[in-house]
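Since the structure comes first, as structure tokens, the remarks are kept for the end.
Each residue takes its place number in the sequence, starting with 1.
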Amino acid sequence: MNVLLGDKFRFAAEVGEPGPLCRVDLWAAGKWLTCDDNVAYVPQFRRDVLAAAWLRSGEGSPLPFAGVSAEATHRRLMQCSGGDEPGADCQLGPFRVLLWGPTTDNVTAFLFREEDRLVITLEFWREEHLLNHPEDAGTVFVVEIPAEEFVGILDRIAAALDAG
């Protein structure tokens with residue numbers, strides 16, 4: 001069973017045969033996110049995916065810096081996380097997303113809510129990935145997706161993982 005859920009140029013997942021371990025491929029902005037590790041431990045991965053249910057209730061923080069693009073905001077948050085710019089405007093917690101264990105730990109991702117749509121920024125950081133894909137080095141990928149669509153994909157990922 002290979003089920004493609006969503007649009008690879010916004011956000012998509014392909015879930016393999018369910019079991020304790022399962023192949024899960026994720027894409028956003030046309031980039032394959034799980035290129036380093038696409039085998040998920042189903043109980044943990046499902047729990048992490050469903051943890052994004054808070055988005056259903058309209059929660060989510062807007063872009064934190066007035067007049068700054070999503071890409072520039074991503075870069076600024078990354079710079080802040082390095083300790084260069086301590087302060088209240090550098091809190092990453094409200095924005096971090098796709099914290100789904102080893103399957104997604106090669107990407108730093110932030111999520112911002114703009115009314116009924118989400119803006120997701122992504123950046124590959126692992127040196128091996130950047131050596132093999134030099135076009136990704138220093139690139140921040142930006143995805144805009146309706147919140148309802150994103151949450152629907154997450155629900156369908158969880159259901160596909162339950163099928164086993």
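With a 6.0 Å radius and a threshold of 12 heavy atoms from other residues, nucleotides or ligands, Glu148 has its CD atom at or below the threshold. Crowding of Glu128 atom CD: a count of heavy atoms from other residues, nucleotides or ligands under 6.0 Å not exceeding 12.
With rounding to the nearest 0.5 angstrom, the CG atom of Leu122 is 9.0 Å from the OG1 atom of Thr108. Between the CD atom of Glu135 and the CZ atom of Phe124 there is a distance of 9.5 Å, given to the nearest 0.5 Å. Atom CD of residue Glu123 and atom CG of residue Leu130 lie 8.0 Å apart, to the nearest 0.5 angstrom. The CZ atom of Phe11 sits 5.5 Å away from atom CG of Leu154, with the distance rounded to the nearest 0.5 Å. For the atom pair CD1 (Ile157) and CG (Asp48), the distance works out to 11.5 Å, reported to the nearest 0.5 Å. Here the CG atom belonging to Leu5 is positioned 5.0 Å from the CZ atom belonging to Arg156, to the nearest 0.5 angstrom.
Taking all atoms of both residues into account, the shortest heavy-atom contact from Pro18 to Ala160 is CG-O, 3.7 Å. In plain terms, the two heavy atoms of Ala158 and Leu50 that are nearest each other are CB-CD2, 3.6 Å. Considering all non-hydrogen atoms of both residues, Asp162 and Arg46 come closest at OD1-NE, 2.6 Å. Across every non-hydrogen atom of Asp37 and Pro102, the tightest pair is OD2-CB, 3.5 Å.
A donor-acceptor pair under 3.5 Å links the side-chain atoms of Glu114 to the main chain of Leu63, judged by distance alone. Distance alone, capped at 3.5 Å, is enough to place a donor-acceptor pair between the Thr34 side chain and the Leu26 backbone. A donor-acceptor pair under 3.5 Å is absent between the side-chain atoms of Asp116 and the main chain of Pro146, judged by distance alone. Distance alone, capped at 3.5 Å, is enough to place a donor-acceptor pair between the Trp125 side chain and the Asp105 backbone. Proximity of a side-chain donor or acceptor of Arg126 to a complementary backbone N or O of Val107 within less than 3.5 Å is not detected. Side chain of Ser69 to backbone of Ala72: a donor-acceptor contact under 3.5 angstrom is found. Looking only at distances, a side-chain donor or acceptor of Thr104 sits under 3.5 Å from a matching main-chain atom of Leu98.
At a threshold of 4.0 Å, the pair Arg23-Glu14 counts as salt-bridged, since one of the basic side-chain nitrogens sits closer than that to a carboxylate oxygen. Note on Glu149 versus Arg10: salt bridge recorded, some NZ/NE/NH1/NH2 to OD/OE distance being below 4.0 Å.
With sequence neighbours left out, the ring pair (Phe, Tyr, Trp, His ring centres under 6.0 Å) criterion links Phe141 to no other residue.
At a cut-off of 3.5 Å, with distance as the only test, a side-chain donor of Trp32 or Asp25 sits close to an acceptor on the other residue.
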Requested in this report: Check the pair Leu118, Phe112 against side-chain contact (heavy atoms from CB on, under 4.5 Å), reporting the backbone distance first and the verdict last.
Outcome: CA-CA 6 Å; Leu118 304 174; Phe112 312 99; over 6 Å; no
